[in-house]
Trainee: 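Dropping a structure here in structure tokens format, bear with me for questions.
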Amino acid sequence: MLRQRRQAAIVAKVGIDTIAAGGDGVGRVDGMAVFIPRTAPGDVVEASLVLQKRFARGRVRRIETASPSRADAECQHYDGDDCGGCQLQHITYDAQLDAKARIVRDTLARIGKRTIDLPLIERSPKQWDYRQKLTLTLIRNSATLEWAGGLHPLDQSDAVFELEECRISEPSLVAMWHSVREASRFLPNAAELRLTLRSIAGSNDVAIIVAGGSEWPDRATFVRRLNNLAALWWVPNEGPRVEIKSPNAEAELTAAGFVQVNASLASAMHSHVLSSVNAFKPTRVVDAYAGTGALSNALAEQGVRVTAIEWDESAVALLQRALPSGSIAMASSVEGVIDEVLGSTDAFDVVVVNPPRVGLEGRVTTALNAQKNTALRAIVYVSCDPATLARDLSRMPAWRISAIRCFDMFPQTAHVETVCVLVPEIS
């Protein structure tokens with residue numbers, strides 16, 4: 001049926017078996033994989049399907065049999081506006097954890113060709129009100145000049161719904177958003193803006209980055225209208241970032257993105273990475289994508305000589321002040337420096353990599369793979385995307401998985417952090 005009507009949208013009954021990496025439920029009709037958002041394993045749904053070349057995408061028309069894992073969404077926007085910010089509010093937290101562990105295991109098998117048991121996943125102490133960053137899109141009505149701001153509906157990147165609450169974000173961020181909305185007539189002159197809010201640990205203060213526009217004549221008035229404003233930067237369409245309200249050191253680091261989104265679980269993941277490195281009793285460590293150096297500093301305090309590599313110059317400046325003599329902080333293209341460091345005559349015991357979602361460049365995995373018969377005893381890979389982790393592991397056949405653990409840094413979403421310890425493959 002599906003193959004005969006490939007170009008048409010059809011209605012079919014679908015039983016949902018698993019959750020895919022993006023959060024969609026997955027079932028099969030006539031042997032073809034069908035991806036349907038807002039479904040749970042165990043659901044039987046009537047869905048409207050749009051056929052692609054090798055799979056189909058669908059939307060629920062009616063739930064015929066509800067999974068025992070289903071839960072009521074806590075945020076008004078999840079169902080009311082089909083918010084795309086979360087993907088898993090409709091299933092219980094235990095079911096979310098199980099789904100994420102399976103995503104990691106299955107992705108490593110499918111893309112990375114690595115077979116592992118279902119990994120342990122660390123629960124987040126907070127499943128709501130945990131997120132320390134909120135990024136919104138603001139669109140201006142050309143006739144009334146009023147701003148509408150919020151998040152995108154599911155699979156609609158060109159649309160925005162008006163945000164009233166965000167149940168996964170810290171309340172201070174939502175409160176600041178309401179203040180910004182009340183003062184929105186003093187925002188830069190633009191058709192569209194991007195607003196990033198970051199909470200400051202231990203306070204109700206918030207740092208803000210406004211991106212877009214070419215003129216901002218009312219910025220001083222805008223600042224005066226906001227309470228609990230820790231810092232404000234403006235990134236115009238052309239030219240460098242402008243500091244509107246000067247930050248303290250912690251606000252600058254927070255706004256620059258060097259603070260974990262989920263503080264309640266970040267310390268547990270940091271401790272696990274540190275203990276994973278220490279298990280090899282290292283004397284020399286490379287800490288790549290080091291940020292402001294939480295791991296580098298912890299290792300240096302133990303007497304380990306650290307080469308910390310980070311592209312952001314402000315972060316490296318902090319690293320250079322904090323690291324003791326004998327350790328090195330470098331600011332440059334992380335990938336280029338890793339090539340240089342691993343190709344030097346220095347001997348390293350452990351390399352830690354904590355790349356962004358795009359994962360490692362091919363030349364980095366090539367350089368790491370070539371280290372099998374050197375003094376390097378382990379690679380600790382901290383990943384925020386199972387697919388790029390799996391791809392990178394497929395490029396490093398000389399290294400096998402010794403240990404793996406997941407951390408649920410993003411409850412209610414399909415994202416998961418993974419710490420993977422690699423050791424040389426036995427010849």
Trainee: Can you check side-chain contact (heavy atoms from CB on, under 4.5 Å) on Ser394 and Lys113, steps first, answer last?
Mentor: CA-CA 7 Å; Ser394 72; Lys113 309 306 179 187; 5.5 Å; no
Trainee: Taking the basic N atoms (NZ, or NE/NH1/NH2) and the acidic carboxylate oxygens, is any pair closer than 4.0 Å for Arg241 and Glu243?
Mentor: no
Trainee: Using side-chain heavy atoms (C-beta onward) and a distance below 4.5 Å, is Gln371 in contact with Phe348?
Mentor: no
Trainee: Please round to the nearest 0.5 Å and tell me the distance separating atom CG of Asp98 and atom CD1 of Ile121.
Mentor: 9.0 Å
Trainee: Donor-acceptor pair, distance only, cut-off 3.5 Å: does the side chain of Lys281 make one with the backbone of Asn278?
Mentor: no
Trainee: Do other residues, nucleotides or ligands put more than 12 heavy atoms under 6.0 Å from the CZ atom of Arg70?
Mentor: yes
Trainee: Measuring from atom OG of Ser383 to atom CG of Leu108, what distance do you get when rounded to the nearest 0.5 angstrom?
Mentor: 8.5 Å
Trainee: Indicate the atoms forming the closest heavy-atom contact of Gly150 with Leu163, along with that distance.
Mentor: CA-CB, 3.8 Å
Trainee: Using every non-hydrogen atom in the two residues, find where Leu51 and Ala56 come nearest and quote the distance to one decimal.
Mentor: CD2-CB, 3.6 Å
Trainee: Can you check whether Phe161's main-chain N or O pairs, donor with acceptor, with Asp81's side chain at less than 3.5 Å?
Mentor: no
Trainee: Looking only at heavy atoms, what is the nearest atom pair of Tyr78 and Ala73, with distance?
Mentor: CD2-CB, 3.5 Å
Trainee: Can you tell me how far apart CD (Gln412) and CH2 (Trp128) are? Round to the nearest 0.5 Å.
Mentor: 3.5 Å
Trainee: Taking the side chain as everything from C-beta on, heavy atoms only, tell me whether Tyr381 gets closer than 4.5 Å to Pro355.
Mentor: yes
Trainee: Are any non-hydrogen side-chain atoms of Arg140 and Leu187 less than 4.5 angstrom apart?
Mentor: no
Trainee: For Asp106, what residues pass the salt bridge (charged side-chain N to carboxylate O under 4.0 Å, His left out) criterion, not counting sequence neighbours?
Mentor: none
Trainee: When you measure from the side chain of Asp24 to the backbone N and O of Ile36, does any donor-acceptor pair fall under 3.5 Å?
Mentor: no
Trainee: So does Gly293 get a backbone contact from the side chain of Asn297, meaning a donor-acceptor N/O pair under 3.5 Å?
Mentor: yes
Trainee: What pairs with Glu162 under salt bridge (charged side-chain N to carboxylate O under 4.0 Å, His left out), at least two apart in sequence or on another chain?
Mentor: Arg181
Trainee: After noting the C-alpha distance and the side-chain angles of Asp129 and Arg167, does the key distance pass the side-chain contact (heavy atoms from CB on, under 4.5 Å) rule?
Mentor: CA-CA 6 Å; Asp129 302 333; Arg167 285 291 290 108; 2.8 Å; yes
Trainee: Distance-only, no hydrogens or angles: does the Arg131 side chain make a donor-acceptor pair with backbone N or O of Lys133 under 3.5 Å?
Mentor: yes
Trainee: Applying the side chain to side chain donor-acceptor pair (under 3.5 Å) criterion to Asp408, which one of His415, Arg123, Lys100 satisfies it?
Mentor: Lys100
Trainee: Please set out all donor-acceptor pairs under 3.5 angstrom arising from side-chain atoms of residues 141-148, sequence neighbours excluded.
Mentor:
residue, atom, partner, partner atom, Å
Asn141, OD1, Ala143, N, 2.8
Asn141, OD1, Thr144, N, 3.0
Thr144, OG1, Glu146, N, 3.3
Trp147, NE1, Ser184, O, 3.3

Trainee: Do Leu295 and Leu274 have side chains that approach each other closer than 4.5 Å (heavy atoms only, starting at C-beta)?
Mentor: yes
Trainee: Testing the basics here: between Val382 and Met269, what is the closest heavy-atom pair and its distance to 0.1 Å?
Mentor: CG1-CE, 4.3 Å
Trainee: Measure the shortest side-chain to side-chain distance between Ile168 and Pro411 over non-hydrogen atoms and say whether it is less than 4.5 angstrom.
Mentor: no
Trainee: Please find the pair of heavy atoms, one from Phe186 and one from Trp216, that lie closest to each other, and give the distance.
Mentor: O-NE1, 2.6 Å
Trainee: Applying the side-chain contact (heavy atoms from CB on, under 4.5 Å) criterion to Leu422, which one of Ile401, Val380, Val351 satisfies it?
Mentor: Ile401
Trainee: Find the distance between CD (Gln89) and NE2 (His77) and round it off to the nearest 0.5 Å.
Mentor: 10.5 Å
Trainee: Strictly distance-based, threshold 3.5 Å: is any side-chain N or O of Gln52 a donor or acceptor partner for the main-chain N or O of Arg57?
Mentor: no
Trainee: Under 3.5 Å, is there a donor-acceptor pair between the side chain of Ser199 and the main chain of Leu173?
Mentor: no
Trainee: So which heavy atom on Pro424 is nearest to which on Leu376, and how close?
Mentor: CG-O, 4.2 Å
Trainee: Looking at Thr388, is its backbone amide N or carbonyl O close enough to the side chain of Arg357 to form a donor-acceptor pair, meaning the two atoms are under 3.5 Å apart?
Mentor: no
Trainee: Heavy atoms, side chains only, cut-off 4.5 Å: are Asn189 and Ser214 in contact?
Mentor: no
Trainee: Please check: side-chain N/O of Arg114 versus main-chain N/O of Leu393, any donor-acceptor pairing under 3.5 Å?
Mentor: yes
Trainee: To the closest 0.5 Å, what do you measure between CE (Met176) and CG (Asn227)?
Mentor: 7.5 Å
Trainee: I'd like to know whether Leu368 forms a side-chain contact (heavy atoms from CB on, under 4.5 Å) with Leu360, so could you lay out the CA-CA distance, the side-chain angles of the two residues, the decisive distance to 0.1 Å, and finally the verdict.
Mentor: CA-CA 10 Å; Leu368 289 170; Leu360 301 174; 4.1 Å; yes
Trainee: Decide side chain to side chain donor-acceptor pair (under 3.5 Å) for Ser124 and Asn262; before the verdict, give the C-alpha distance in whole Å, the side-chain angles of both, and the deciding distance to 0.1 Å.
Mentor: CA-CA 8 Å; Ser124 174; Asn262 185 342; 3.1 Å; yes
Trainee: How far apart are the C-alpha atoms of Glu182 and Arg225, what are their side-chain angles, what is the distance that settles it, and do they pass the side-chain contact (heavy atoms from CB on, under 4.5 Å) test?
Mentor: CA-CA 9 Å; Glu182 291 177 3; Arg225 294 297 182 102; over 6 Å; no
Trainee: Between Asp17 and Arg28 (salt bridge meaning N to carboxylate O under 4.0 Å), is one present in this structure?
Mentor: no
Trainee: Rounded at 0.5 Å granularity, tell me how far OG in Ser169 sits from CG in Leu197.
Mentor: 8.5 Å
Trainee: Evaluate the side-chain proximity of Leu118 to Arg102: yes if any heavy-atom separation is below 4.5 Å, no if none is.
Mentor: yes
Trainee: Distance-only, no hydrogens or angles: does the Gln87 side chain make a donor-acceptor pair with backbone N or O of Ala414 under 3.5 Å?
Mentor: yes
Trainee: State, yes or no, whether a side-chain contact exists between Asp82 and Arg59 at a heavy-atom distance under 4.5 Å.
Mentor: yes
